[in-house]
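Throughout, a chain's letter reflects where its sequence line sits, starting with A, and its residues are numbered from 1.
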Protein chains: 2
Amino acid sequence: MSKCGTERKNIDMDSLHTRMRNGGMKVTQQRSQVLKILLAHPEPISADEIFKKFDSKSEGADLVTIYRILKKFEEVLLVTRQEFGDGVARFELALESGHHHHHVICRHCQRVEPLHICDLESHIKTVEGMGYKQVSHRLDFFGVCSRCQ
Amino acid sequence: MSKCGTERKNIDMDSLHTRMRNGGMKVTQQRSQVLKILLAHPEPISADEIFKKFDSKSEGADLVTIYRILKKFEEVLLVTRQEFGDGVARFELALESGHHHHHVICRHCQRVEPLHICDLESHIKTVEGMGYKQVSHRLDFFGVCSRCQ
DNA sequence: CTAAATGCAAATCTTTTGCACAACC
DNA sequence: GGTTGTGCAAAAGATTTGCATTTAG
């Protein structure tokens, strides 16, 4: 947990629970557990993967519940949804508002690395100039990682 | 590496058929028709939408066939697949190799507009610096269009 | 003629919905 | 206690697969 890869987000369960409550959600076993799993997972993770991580523990949660939790989390901006083109949605904890990052996905092993750069101001202005409001964006890179070459 | 083209190249059925043959595919009624529909459609279009456009004409094609055609076209780089977050894959004709464009999607009406700007050279270099080869990217903007505001 | 493509049916996979029961505040 | 969340079953939607039949080259 020192140098390699992602600097772990300075997000703790307490602040997450607070954000949950502020979003008008009850704090339940299952929701806390999903948060814990998301917090511990360095890459975007799918509903089914979360479901399986639940399974390995003693107390489980229904896959349906996980879908519902993730949808709620998305509404409250606790997580963001990613789609990398394989028909499965993946989720990751949303960083502080206004901060976001992008991804580099290996076309071979599907591994995802975060990319903490982004300066698309001019592009965003262009889109706003086209008449759009509340402009957000998605930027992902695909390549073959060093391990897979 | 991949530069974003600004001018759309003329694409005609003949060159598309040639690209099909070069990809080792037979030129069939259904495939030609799918190409025609893609050529006539300004936005990324789903398999089902293509299927329905077939229907309105006299000769139809099975939805399954359309999926298979699109998959084949994707392998041969005749089309590119897009996913905008609603669980449906959409396809559009691939422009000349190395040229591509991006999209602006209205969060309300789901309409898609092409965006012919892109200067991500520095970002691409960064990713290559991380050890990735054959780096490509995807950039889409989301907003609320003027009509929907 | 022969490999490749198509159509039909049915399967698979992801995600959603309805409803009764349980849990949180 | 009353709303909100969960589990189970089942549905819905997108995409894929198996197999017999047709078609392009």
Side-chain angles (χ1 to χ4, degrees), chain A residues 13 16-37 44-55 57-76 78-91 110, chain B residues 13-14 16-35 37 44-55 57-76 78-91 110:
Chain A
M13 288 302 286
L16 290 173
H17 283 173
T18 302
R19 285 163 77 184
M20 239 201 281
R21 290 207 182 80
N22 289 346
M25 304 176 67
K26 288 182 182 176
V27 176
T28 66
Q29 279 289 323
Q30 293 88 334
R31 285 174 178 173
S32 289
Q33 192 66 17
V34 169
L35 279 184
K36 227 174 272 176
I37 292 169
I45 182 174
S46 72
D48 194 58
E49 287 168 329
I50 293 174
F51 174 64
K52 291 193 175 101
K53 285 192 184 293
F54 255 99
D55 254 4
K57 318 226 167 195
S58 45
E59 352 167 351
D62 197 288
L63 180 57
V64 175
T65 299
I66 294 174
Y67 274 107
R68 282 196 271 232
I69 288 175
L70 289 171
K71 177 173 281 184
K72 212 80 173 66
F73 280 0
E74 206 190 347
E75 285 170 27
V76 181
L78 262 172
V79 305
T80 53
R81 165 192 298 247
Q82 319 281 157
E83 288 185 29
F84 298 130
D86 60 355
V88 183
R90 291 184 178 76
F91 301 81
Q110 310 294 330
Chain B
M13 288 302 287
D14 282 348
L16 290 173
H17 282 173
T18 301
R19 287 164 75 184
M20 239 202 282
R21 290 206 183 79
N22 289 347
M25 305 175 66
K26 289 182 180 175
V27 176
T28 66
Q29 279 289 322
Q30 293 88 334
R31 285 174 177 173
S32 289
Q33 192 64 18
V34 168
L35 279 184
I37 291 169
I45 183 174
S46 71
D48 193 59
E49 288 168 329
I50 292 173
F51 174 65
K52 291 194 173 100
K53 286 193 183 294
F54 255 99
D55 254 2
K57 317 227 169 197
S58 46
E59 353 167 349
D62 196 287
L63 180 57
V64 175
T65 300
I66 294 174
Y67 273 107
R68 282 195 271 231
I69 288 174
L70 288 171
K71 177 174 280 183
K72 213 81 172 67
F73 280 1
E74 205 190 347
E75 284 170 28
V76 182
L78 260 173
V79 303
T80 53
R81 165 192 298 249
Q82 319 281 157
E83 288 185 30
F84 298 130
D86 62 354
V88 183
R90 292 184 177 77
F91 301 81
Q110 308 295 330

Judged by each residue's nearest nucleotide on DNA chain C, which is more toward the 5′ side, B:Gln30 or B:Lys26?
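Here B:Lys26 is the residue nearer the 5' end.
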By nearest-heavy-atom nucleotide on DNA chain C, the more 5' of B:Gly24 and A:Ser46 is B:Gly24
Close side-chain approach of [X] to [Y], heavy-atom, < 4.5 Å:
X       : Y       : answer
B:Val79 : B:Val34 : no
A:Arg19 : A:Val76 : no
A:Tyr67 : A:Val64 : no
B:Glu75 : B:Lys72 : yes

Could you tell me how far apart [X] ([atom1]) and [N] ([atom2]) are, to the nearest whole angstrom?
X       : N      : atom1 : atom2 : answer
B:Asp62 : D:dA20 : CG    : P     : 17 Å
B:Tyr67 : C:dT6  : OH    : P     : 16 Å
A:Met20 : D:dT4  : CE    : C1'   : 14 Å
B:Ile66 : D:dA14 : CD1   : C1'   : 13 Å
B:Arg81 : D:dT15 : CZ    : C1'   : 9 Å
B:Arg31 : C:dA5  : CZ    : P     : 4 Å
A:Ile69 : D:dG5  : CD1   : P     : 10 Å
A:Leu63 : D:dA12 : CG    : P     : 19 Å

Does a side-chain N or O of B:Thr28 approach OP1 or OP2 of C:dT6 to a distance below 4.0 Å, or not?
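It does, given that an N or O in the side chain of B:Thr28 lies less than 4.0 Å from OP1 or OP2 of C:dT6.
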>> So, does A:Lys71 get its side chain near the phosphate of C:dT16, meaning an N or O under 4.0 Å from OP1 or OP2?
In response: yes
- Nearest listed nucleotide, side chain of A:Val64, among D:dT15, C:dC24, D:dA9: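 Given the options D:dT15, C:dC24, D:dA9, the side chain of A:Val64 is closest to D:dA9.
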Sorted by chain and number, sequence neighbours left out, side-chain hydrogen bond (donor to acceptor under 3.5 Å, both in side chains) with A:Thr65 holds for none
Does A:Arg68 reach a base, just sugar-phosphate, or nothing at all? Heavy atoms under 4.0 Å.
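The residue A:Arg68 makes base contact.
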Sugar-phosphate, base or nothing in reach of B:Gln29, heavy atoms under 4.0 Å: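 B:Gln29: no heavy atom of the nucleic acid under 4.0 Å.
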Original post:
Would you find a donor on one side and an acceptor on the other, under 3.5 Å apart, between the side chain of B:Arg31 and the backbone of B:Lys26?
Top reply: yes
Between its two end axes (five pairs each) the helix from C:dC1-D:dG25 to C:dC25-D:dG1 turns, nearest 10 degrees, through 40°
Between the CD1 atom in A:Ile69 and the CG atom in A:Leu78, the distance rounded to the nearest 0.5 Å is 11.5 Å
